[in-house]
Amino acid sequence: MPFVRPYVRSDGTPVRGHSRWAPGARREMTLFAAFGLAVLAIGNASTATEAGGTSPGPSATYPILFDHSTHSAPRTAVPRPAVSYPVTFDMPALRRAAPTPSVSYPVDLAALAGER
């Protein structure tokens, strides 16, 4: 919406500053509002009132009570096999022992590093 600054007409009448709708904007806003109201009216229509005339009520009564009680005999977990045949697992191969050194005398690594 453009804002019109205050001005004085040619006959001397002062006009205060005001905002004015752009040409055609009032019609577009009216159509947009009508469309929005139609969408809200259609979206909020209940299918139960159209079909049977009454809206459905809650199907549960609160508080919900269960048939079994937590204070009855304790339930114990009984393990049951998942398969009826024996399951064998592959055993990993045994590792061979590390080889023993073939040198029987001590090697001085410090002496080797000094030659570089």
Side-chain angles (χ1 to χ4, degrees):
M1 292 191 325
F3 183 77
V4 179
R5 295 184 190 152
Y7 65 96
V8 178
R9 291 185 181 169
S10 61
D11 63 354
T13 308
V15 178
R16 294 183 302 174
H18 61 278
S19 60
R20 175 172 48 190
W21 286 77
R26 191 174 309 255
R27 179 180 176 273
E28 290 177 6
M29 182 57 90
T30 304
L31 290 175
F32 179 72
F35 178 74
L37 289 173
V39 168
L40 285 175
I42 292 171
N44 288 335
S46 176
T47 57
T49 57
E50 294 172 1
T54 60
S55 61
S59 60
T61 56
Y62 296 98
I64 298 174
L65 302 174
F66 296 99
D67 294 337
H68 64 279
S69 174
T70 56
H71 302 295
S72 64
R75 293 186 234 169
T76 58
V78 178
R80 294 188 178 136
V83 294
S84 61
Y85 52 89
V87 178
T88 58
F89 296 98
D90 296 332
M91 294 297 293
L94 295 175
R95 293 180 58 190
R96 289 187 285 171
T100 57
S102 60
V103 180
S104 61
Y105 54 91
V107 177
D108 187 15
L109 296 177
L112 295 175
E115 294 177 2
R116 291 186 192 189

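If you're wondering where the values come from, they're calculated on a predicted model, not measured in any experiment. Position 1 is the first residue of the sequence, and the numbers go up from there.
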* If you link ILVMFWY side chains whenever their heavy atoms are less than 4.5 Å apart, which other residues fall into the same cluster as Val15? By chain and number, please. =>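 Noted: Val15 shares its cluster with Val4, Tyr7.
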* Asked: Do Trp21 and Met29 come within less than 4.5 Å of each other through their side chains, counting heavy atoms only?
  ->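 In short, these two side chains touch, coming nearer than 4.5 Å.
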* Measuring from Thr30:OG1 to Arg27:CZ, what's the distance to the nearest 0.5 Å? ->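 One gets 9.0 Å once the value is rounded to the nearest 0.5 Å.
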* **Tyr62: partners by side-chain contact (heavy atoms from CB on, under 4.5 Å), with sequence neighbours left out** =>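 Residues passing side-chain contact (heavy atoms from CB on, under 4.5 Å) with Tyr62: Ala60, Ile64.
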* Are the side chain of Thr13 and the backbone N or O of Arg9 linked by a donor-acceptor pair below 3.5 Å? ->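 Here the side-chain-to-backbone pair does not exist.
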* Asked: Counting heavy atoms not belonging to Asp90, are there more than 12 under 6.0 Å from its CG?
  ->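 No - once you tally the heavy atoms of other residues, nucleotides and ligands closer than 6.0 Å, there are 12 at most.
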